[in-house]
Structure formats: C-alpha cells, structure tokens
K.L.:
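Once you've had a glance at the structure underneath, I'll fire off some questions.
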Amino acid sequence: MSYWLMKSEPGEFGIDDLIASPGRRTYWDGVRNYQARNFMRNDMQPGDQAFFYHSSCPQPGVAGIVRVACEAYPDHTAFDPTDKHYDPGSDPDNPRWFMVDIELERKLDRLIPLAELRAFASDRLDGMLLLRRGNRLSITPVSEDHWNFILSLE
DNA sequence: GCCAACGTTGGC
DNA sequence: GCCAACGTTGGC
C-alpha cells in the first residue's frame, strides 16, 4: 500500500469533473514522462491512494483523494493520431505509455493550497518531491508521514 | 506573460 | 557520448 500525488489541470480535468464521471471513475491518460510512467507501471497497486492535485491554475493545491482501481495498462490515446497526446513512437505491439484507472474517494473539505504546503517544506514536509524546486513530475510518491500530515491540515 | 528547471532531440 | 537548441511544465 503506497501513497501518491497526481497532478491534473482543472481547466482540463478537475476534481469536479471526476465527481461528474460515471462511477466517479476515469482513466489517467496522457502521461508522457518516463519517470511518471515507471511509477504507474512498476509501483502503483490497486488500492493505493493518491492526492488529486490541481496544477496550472489560480489556486494550485490538493483537492481530493482518489484510489488506484487497477494495474497499469497501455494508454490507447498514444495510438490515436487525432489525440493531443498521440505518440507515433508508441507501437501497439510494444506500448510505450501506460495508464491506470482511478476512483474518487472523496473531495477534501477545503483545497489545501500549495503555498500552505510550502510553509512546511523544511520541517514536517521535508523531502516531499512536489515541493522540490523545479519539480515537474506529474506523478510522485508521497510518504505515509507526509500523507497523514497533509490530511491533518484539512 | 515571464522564466527557471528540466527532458528530449539530433548533429557531430 | 557530448551538448546546444528546443519544447514543456507550472508557479508566480
């Protein structure tokens, strides 16, 4: 059982879009970074929990909690020339990109802003990958201590 | 819109 | 394998 943080732009797909999805479930397509892919493909397990994080928006921060609903499987959007995330280098017989399904566990009572997390960057959240300068990874692991502390801020 | 921090690409 | 150029991410 591991904890994760997954970034999404609310202008594209936010926590309320997940709430509106059938079964409050969706597939996490479009990851085109090898490190993030490896986390999904190699380390994510069904039942793992993840923070649903809003990025590139007026109020970046942790918006909700989701559950990994299956093991990673090939991201079919990589094979679709009309898709924004099309990658001609991904061969259906040897897929390059993967995705998992996620289900909403709950939306947080309030969004916990990035700025608030940053205030703890050198003590209670020391070492958290999200807070590392220049971090651009869309999927990062979260330690159990950090997970519990962030939820205590809610 | 700006810019820092990366990751990727491609010539050599 | 090196590295410059380029593209992307994402906070501010």
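For clarity, every value in this text was computed on a predicted model and none was experimentally measured. Chain letters run A, B, ... following the sequence lines, proteins first, then strands; residues in each count from 1. Heavy-atom basis, side chains included; hydrogens, waters and symmetry copies ignored.
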K.L.:
Rounded to whole angstroms, how far apart are NZ on A:Lys84 and C1' on C:dG7?
P.N.:
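One finds 14 Å between C1' of C:dG7 and NZ of A:Lys84, rounded.
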K.L.:
Report the distance from atom CZ of A:Arg132 to atom C1' of B:dA5, rounded to the nearest whole Å.
P.N.:
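Whole-Å distance recorded here is 10 Å.
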K.L.:
If you check the A:Tyr34 side chain, which of C:dG11, B:dT8, C:dG7 turns out closest?
P.N.:
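For the A:Tyr34 side chain, the nearest candidate turns out to be B:dT8.
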K.L.:
In this structure, how many angstroms lie between the C1' atom of C:dG11 and the CG atom of A:Leu117, rounded?
P.N.:
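Roughly 13 Å, once rounded to whole Å.
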K.L.:
Answer yes or no: does a side-chain N or O of A:Lys7 lie under 4.0 Å from OP1 or OP2 of C:dT9?
P.N.:
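The answer is no; no side-chain N or O of A:Lys7 sits under 4.0 Å from OP1 or OP2.
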K.L.:
Is the phosphate of C:dG11 approached by A:Tyr53 (side-chain N or O, under 4.0 Å from OP1 or OP2)?
P.N.:
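Answer is yes, contact under 4.0 Å.
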K.L.:
Mind checking if A:Arg32 touches a base, just sugar-phosphate, or nothing, with heavy atoms under 4.0 Å?
P.N.:
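Answer is nothing: A:Arg32 stays at 4.0 Å or more from every strand.
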K.L.:
How many Å lie between CG on A:Leu5 and P on C:dG10, as a whole number?
P.N.:
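Distance, rounded to whole Å: 11 Å.
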K.L.:
May I have the distance from A:Leu111 (atom CG) to C:dG11 (atom P), rounded to whole angstrom?
P.N.:
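Computing the A:Leu111:CG to C:dG11:P distance gives 12 Å.
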K.L.:
Going by atom types only, do A:Asp101 and A:Tyr73 share a side-chain donor-acceptor pair under 3.5 Å?
P.N.:
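Per modelled atom types, A:Asp101 and A:Tyr73 side chains form a pair under 3.5 Å.
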K.L.:
Under 4.0 Å between a side-chain N/O of A:Arg133 and OP1 or OP2 of B:dA4, yes or no?
P.N.:
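For B:dA4, neither OP1 nor OP2 has a side-chain N or O of A:Arg133 closer than 4.0 Å.
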K.L.:
Separation of A:Arg118 atom CZ from C:dG11 atom C1', in whole Å?
P.N.:
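These atoms are roughly 7 Å apart.
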K.L.:
Looking at A:Phe98, I'd like to know if the NZ or CZ of A:Arg41 sits under 6.0 Å from its six-membered ring centre while staying within 45 degrees of the ring's axis.
P.N.:
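Judged by the rule (NZ or CZ under 6.0 Å from the ring centre, within 45° of its axis), A:Arg41 counts as positioned above A:Phe98.
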K.L.:
Quiz question: by atom type and distance under 3.5 Å, do the side chains of A:Arg136 and A:Ser55 form a donor-acceptor pair?
P.N.:
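Their side chains do not contain a donor-acceptor pair, so the 3.5 Å distance test is not met.
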K.L.:
Taking atom P of C:dC12 as reference, at what distance in whole Å does atom CD of A:Glu9 sit?
P.N.:
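Value for this atom pair: 15 Å.
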K.L.:
Starting at CG of A:Leu137 and ending at P of B:dG7, how long is that distance when rounded to a whole Å?
P.N.:
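Those two atoms, CG and P, are 8 Å apart.
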K.L.:
Is it the case that the side chains of A:Asp145 and A:Ser143 hold a donor-acceptor pair, with the cut-off being a distance below 3.5 Å and no angle test?
P.N.:
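No, because no side-chain N or O of A:Ser143 sits under 3.5 Å from a partner of the opposite role on A:Asp145.
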